[in-house]
Amino acid sequence: MESSSAASGGSTRREATRQKLYEAAVTLIAEQGFSATTVDEIAERAGVAKGTVYYNFASKSVLFEELLRHGVGLLRASLQEAAERTDRDGGSKVDALDAMIRAGLGFIAAYPSFTQLYVAELWRTNRAWQSTLMVVRQDVVAVVEGVLRDGVANGEFSDEIDIQLTAAALVGMVLVAALDWQSFQPERSLDDVHAALSRLLQGRVSGRG
């Protein structure tokens, strides 16, 4: 029987291999599109044999679907951790949303190619992974919805706000603003971009209050 340490070592190696495949796939697909990217190219970019791709993923479509789950899962965890950290520190729900905006910007700065793919796929139809994409999108939005609900419950936010639409709008604001930052204003710092979005969040655009 395989020892637990050997099993965990094998699991760690497999995760490392899958991570290399994710990174290779996201880079190639961002460069040339899903249809034009071959399994051979993904394997070559990852530095593994073609059979290794199929050992880990049944097909290129399955690899891409798992890539979406993996990447959005990282984003969701980052937002959740930011909200929980703010709560532990005694911050308000606005502070939690502000921390989540910063965490989202940090994630996008770290994974710009993935974010471009994710946003592009949100607008496509007839993809095999469309239902998966909707599920993982809702996972991210739900984290923001939870903070908004808590803020309504404690009186910090108006009970007239549309929680679902407001959460989706905040996530969308971060995604689009960050892509604009990465693509057209890369000289700006994360602090600078976060400060601009923070002013929007806190209603200080008009100069009043």
Side-chain angles (χ1 to χ4, degrees), residues 22-23 26-27 29-31 67-123 133-134 136-209:
Y22 287 140
E23 291 170 2
V26 74
T27 304
I29 295 168
E31 287 173 0
L67 171 63
L68 289 171
R69 287 184 185 276
H70 176 71
V72 177
L74 291 176
L75 172 58
R76 182 192 182 284
S78 177
L79 298 182
Q80 186 76 55
E81 199 279 327
E84 291 173 354
R85 184 176 64 250
T86 304
D87 195 46
R88 287 195 303 271
D89 292 344
S92 68
K93 296 307 172 186
V94 170
D95 291 334
L97 292 173
D98 192 54
M100 292 164 88
I101 286 173
R102 186 177 184 88
L105 291 171
F107 173 88
I108 293 163
Y111 304 103
S113 295
F114 172 80
T115 307
Q116 287 175 329
L117 279 184
Y118 172 65
V119 172
E121 288 299 319
L122 282 174
W123 295 102
L133 193 61
M134 293 303 101
V136 295
R137 173 203 167 272
Q138 184 52 38
D139 283 347
V140 171
V141 175
V143 178
V144 185
E145 287 177 355
V147 172
L148 290 171
R149 277 197 198 89
D150 289 346
V152 169
N154 71 13
E156 191 174 340
F157 303 139
S158 166
D159 59 9
E160 295 181 359
I161 66 169
D162 185 318
I163 288 174
Q164 285 185 309
L165 195 55
T166 302
L170 286 169
V171 172
M173 174 183 75
V174 173
L175 286 172
V176 174
L179 286 177
D180 187 88
W181 164 40
Q182 294 286 307
S183 300
F184 305 114
Q185 306 177 64
E187 72 283 355
R188 298 183 72 162
S189 68
L190 191 152
D191 285 343
D192 187 26
V193 177
H194 173 228
L197 298 190
S198 184
R199 280 190 285 273
L200 275 176
L201 171 69
Q202 298 179 40
R204 290 188 281 127
V205 178
S206 68
R208 297 194 298 270

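Along the sequence shown, the residues carry numbers beginning at 1. The structure displayed is predicted, hence computed values, not measured ones.
- Counting heavy atoms from C-beta on, the side chains of Leu170 and Thr166 come closer than 4.5 Å.
- Here CE of Met100 is found 11.0 Å from CD of Glu81. Values are rounded to the nearest 0.5 Å.
- Heavy atoms only, all atoms of each residue included: Leu68 and Leu133 are closest at CD1-CD1, 3.9 Å.
- With hydrogens and angles disregarded, a donor-acceptor distance shorter than 3.5 Å links the side chain of Ser183 to the backbone of Leu179.
- Atom CG of Leu201 and atom NE2 of His194 lie 8.0 Å apart (nearest 0.5 Å).
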Between side-chain atoms of residues 155-162 and protein atoms elsewhere (two or more places apart, or another chain), which donor-acceptor pairs fall under 3.5 Å?
unit_1, atom_1, unit_2, atom_2, d
Glu156, OE1, Lys93, N, 2.9
Glu156, OE2, Ser92, OG, 3.4
Glu156, OE2, Lys93, N, 3.2
Glu156, OE2, Val94, N, 2.9
Ser158, OG, Glu160, N, 3.0
Asp162, OD1, Gln164, N, 3.3
Asp162, OD1, Leu165, N, 3.0

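- Residue pairs meeting the salt bridge (Lys or Arg N to Asp or Glu O under 4.0 Å) criterion with at least one member in residues 171-196, sequence neighbours excluded, are Arg102-Asp191, Arg188-Asp192.
- Taken from CG in Asp89 to CG in Asp95, the straight-line distance is 9.5 Å, to the nearest 0.5 Å.
- The minimum heavy-atom distance between Ser78 and Ala103, with the atom names listed, is OG-CB, 3.5 Å.
- Here the OH atom belonging to Tyr111 is positioned 13.5 Å from the CD atom belonging to Gln182, to the nearest 0.5 angstrom.
- Closest approach of Ser113 to Val26, counting heavy atoms only: C-CG2, 3.9 Å.
- Remark: Arg199 CZ to Asp98 CG distance equals 11.0 Å, nearest 0.5 Å.
- Between Ile108 and Trp181, every side-chain heavy-atom pair lies at or beyond the 4.5 Å cut-off.
- The shortest heavy-atom contact between Phe107 and Leu74 is CE1-CB, 3.7 Å.
- Between Gly104 and Leu79 the shortest heavy-atom distance is N-CD2, 3.8 Å.
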Side chains of residues 136-152: which donor-acceptor partners sit under 3.5 Å, not counting sequence neighbours?
none

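- Distance check: Phe114 CZ to Glu23 CD gives 12.5 Å after rounding to the nearest 0.5 Å.
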